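Contents: one structure, followed by commentary.
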Amino acid sequence: MQRFYVNAKTTGQLNSIILQAVKERFVTDSGPPLDLIDGFTVRGEVLDIASDNAFEESRTRILQAFMIQERHPEIARKSSRLYRALFGAHMLMDESWSEDPKNLQAFLKIIQGRRGVWHALNEMNHWGVLGRLLPDFKKIVGQMQHDLFHAYTVDQHTLLAIRYLRNFTHSENAHELPMCTELMVSLKDNWRLVLALLYHDIGKGRGGDHSKIGAEIVRDLCRRLNLKSDDAEYIEFMVREHLTMSQVAQKQDISDPEVVEAFARKVGNLDRLVGLYLITVCDIRATSHKIWNAWKAQLLQDLFLSTAKILKGRKMTRGMLVARRRQDALALCKFSAQDTERINAFWDNFDVAYFMKHSVRNIVWHAKTLLPHLESEHSFVAARPLRGLEHAHEILVFTKDRPELFAQIVSALQRTNLSVLEARIHTGKDGRVVDSFIVTDDESDPTFGATLKEFEVKLARLIDSGEKLQPPVQGRLSRQSRQFPITPSVTLRPDASERIYLLSVVATDRLGLLASVATVFVRFKLNLLTARIATLGERVEDIFLIESPRLQDPAFCGELETAILEVLEV
């Protein structure tokens, strides 16, 4: 496939030459040619070379052709003669050319340009110049990524990520991700992120951790470019850690101050945090339009803001965080003295995890919604759309705990075509639970809000009915999943306390998968604390925090892993 893409690129080059020649045949640019730089002329909005052998006379002009157009946005295109010269210049771009300090510095100036950076790099890749100048980049040109969530070859994914990054420098794009635009504009020497993204996947296809391999390769490039040690270390860090922020945000509990503090220690300073946040957003967006969504954006933003507070010296202990959130929530609720006493007694029933995992805004909504039902013997369900997240909803369940509760709720959500993004499970000392589910609908029903209101009543009745848990619906794999099967894997390990265990599940996504895993939890009598559901195209990577005294028995853990693998392979 890589050879196919390289040949397709050659066809594209010939097509560019022919189309430009046709334009020149029927459209004449007015005005005499003007000398722009020695060896180049410009007529109207077209850049041309002064002679057919301009590149043979000076090989540095190859890169100057792209630099001129980057620095002069009024030059819209290149002439067919210049295109033909680029097409035939491959023999000139040998090892000595790629090692020439003049060419390396010209490349660095292109990277450091104020505008037109992506256009220059994209065209350099189109004409094969980028791969000749950077031999390591040539290895990823046309390289396939054999999974179900990368929609592009490695080089195209890389350049698309750079395009998203450079879009943050233009105020007209600020409406998409305003915080990213603000951070990009304020970041000193943001060209370093362009170079980091250019090399962030350079280690793919070489075996081993591509992030570490890429860090070693970019270190050598920084030496060749004669960069300052601070810039080289910054770029190397970005390449080595470009997956870290995404993994922490999606697979760890970022409401836990200890998780955020550990991430802050790894990042080290605000400058690195800003850079890591920006390239993480661009990397995910450039993977596939199915991967990026508002929920991931919110997770990354929350992690960024929490980490920034720590790096600014505004560290808070768990006790301080809980006290602050309870105080702020009460101030916003504006309850009477009697209701304040009731809600405080309700909060005392839950441990610190409840207040750490929910924002003040969420705690306020829970308090106002649940206050009339605190003394009720019946289950209560409420739902609301999530602010700023299209087709996303939070579903709140207040009921008595029972072994099949999570599986029953997940199964009901599945039958209503709701996909679970996150589940937060909180069991009080009196045996009552407050479960919160972040879900998305399938976007097929514009009146889904009314359907959700009906679902609230049906789910509450279902929980109270004591109805036996129905077998989960077994959805069929998509055609893509059958062509690119993902080998299921299950990993079980204790956390630092050795009381709570982290269960990681990787498998091909299908309808009913989460409900099937939940039935295993019921069978093994596990207490589920939290679930983080990450869907990457056709691939799911779910993290469950579970507890049970029997988890300290290796034989029991082996049986659990085997049982989960069985339902994943159905």
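Numbers here simply count residues along the sequence, with the first being 1. Given the structure is predicted, the values throughout are model-derived calculations rather than measurements.
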So for atom [atom1], which belongs to [X], do other residues, nucleotides or ligands contribute more than 12 heavy atoms lying within a distance under 6.0 Å?
X: R384; atom1: CZ; answer: yes
X: H378; atom1: NE2; answer: no
X: E341; atom1: CD; answer: no

- [ ] Would you check, one step at a time, whether the test side chain to side chain contact (heavy atoms under 4.5 Å, CB included) holds for I425 with L529?
- [x] CA-CA 5 Å; I425 315 299; L529 303 177; 5.6 Å; no
Is there a side-chain contact between [X] and [Y] in this structure, where contact means two heavy atoms from C-beta onward sitting under 4.5 Å apart?
X: I546; Y: L551; value: yes
X: V248; Y: I254; value: yes
X: F406; Y: D435; value: no
X: N362; Y: E394; value: yes
X: F455; Y: L413; value: yes
X: I564; Y: L503; value: yes
X: M179; Y: L305; value: yes
X: V420; Y: I438; value: no

Taking [X] for the side chain and [Y] for the main chain, is one N or O donor matched with an acceptor at less than 3.5 Å?
X: N349; Y: G428; result: no
X: S465; Y: L462; result: yes
X: T369; Y: H366; result: no
X: T416; Y: A412; result: yes
X: T519; Y: S516; result: yes
X: N190; Y: M184; result: yes

TODO: Under the side chain to side chain contact (heavy atoms under 4.5 Å, CB included) rule, what do L405 and T399 come out as? Steps first, then yes or no, please.
DONE: CA-CA 9 Å; L405 181 61; T399 186; 3.7 Å; yes
Nearest atoms (heavy-atom pairs only) where [X] meets [Y]:
X: A383; Y: E456; result: N-OE2, 3.0 Å
X: S436; Y: H358; result: CB-CE1, 3.7 Å
X: A196; Y: V239; result: O-CG2, 3.6 Å
X: S548; Y: L526; result: CB-CD2, 3.8 Å
X: Q143; Y: D155; result: N-OD1, 4.5 Å
X: F168; Y: C282; result: CE1-SG, 3.6 Å

Working to the nearest 0.5 Å, report the span between [atom1] of [X] and [atom2] of [Y].
X: L371; Y: T340; atom1: CG; atom2: OG1; value: 9.0 Å
X: E236; Y: R240; atom1: CD; atom2: CZ; value: 5.5 Å
X: L193; Y: H200; atom1: CG; atom2: NE2; value: 12.0 Å
X: E216; Y: S211; atom1: CD; atom2: OG; value: 11.5 Å
X: L452; Y: L418; atom1: CG; atom2: CG; value: 6.5 Å
X: L160; Y: L165; atom1: CG; atom2: CG; value: 11.5 Å

Task: Worked verdict on L270 versus K312 for side chain to side chain contact (heavy atoms under 4.5 Å, CB included) - done: CA-CA 8 Å; L270 275 172; K312 289 177 181 178; 3.8 Å; yes
- [ ] Would you sort out whether R550 and D553 count as a salt bridge (Lys or Arg N to Asp or Glu O under 4.0 Å), showing the intermediate values?
- [x] CA-CA 6 Å; R550 298 187 63 191; D553 179 4; 5.5 Å; no
Open item on the list: My understanding is that only one of V274, V281, T280 makes a side-chain contact (heavy atoms from CB on, under 4.5 Å) with Y277; could you say which?
Closed with: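 When side-chain contact (heavy atoms from CB on, under 4.5 Å) is applied between Y277 and each of V274, V281, T280, only V281 qualifies.
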Open item on the list: Do the side chains of D348 and R326 get close enough for a salt bridge, i.e. N-O under 4.0 angstrom?
Closed with: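 A salt bridge links D348 with R326.
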Open item on the list: Looking at R461 and D464, is any side-chain nitrogen of the basic one under 4.0 Å from a carboxylate oxygen of the acidic one?
Closed with: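 No, no charged N to carboxylate O under 4.0 Å.
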- [ ] Name all residues meeting the side-chain contact (heavy atoms from CB on, under 4.5 Å) criterion together with R272; count only those two or more places apart in sequence or in a different chain, and write none if there are none.
- [x]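 Residues passing side-chain contact (heavy atoms from CB on, under 4.5 Å) with R272: Y234, F237, M238, V267, N269.
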Open item on the list: Can you list everything that forms a side-chain contact (heavy atoms from CB on, under 4.5 Å) with K212? Sequence neighbours excluded, please.
Closed with: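 With sequence neighbours excluded, K212 shows a side-chain contact (heavy atoms from CB on, under 4.5 Å) to D209, given in chain and number order.
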is_close_aromatic([X], [Y]), centroid dist under 6.0 Å:
X: F263; Y: F304; value: no
X: H426; Y: F350; value: no
X: Y501; Y: F544; value: no

Task: R325 to F355, cation-pi by 6.0 Å centre distance and 45° axis angle - done: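 No, R325 does not lie over the aromatic ring of F355.
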- [ ] I would like to know whether R424 and E422 meet salt bridge (Lys or Arg N to Asp or Glu O under 4.0 Å); could you show each step before the answer?
- [x] CA-CA 7 Å; R424 298 171 180 174; E422 183 171 358; 3.0 Å; yes
TODO: Could you verify whether a donor N or O on one side chain and an acceptor N or O on the other, from S504 and T491, lie under 3.5 Å apart?
DONE: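 Their side chains do not contain a donor-acceptor pair, so the 3.5 Å distance test is not met.
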- [ ] Could you walk me through whether I343 and F335 pass side chain to side chain contact (heavy atoms under 4.5 Å, CB included), step by step?
- [x] CA-CA 9 Å; I343 205 66; F335 288 147; 4.1 Å; yes
Task: Partner residues of D401 under the side chain to side chain donor-acceptor pair (under 3.5 Å) criterion, sequence neighbours left out - done: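 D401 satisfies side chain to side chain donor-acceptor pair (under 3.5 Å) with no other residue.
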- [ ] Output, in order, the C-alpha distance, side-chain angles, deciding distance and verdict of ring-ring contact (aromatic ring centres under 6.0 Å, His included) for F346 and Y354.
- [x] CA-CA 12 Å; F346 171 72; Y354 173 79; 7.2 Å; no
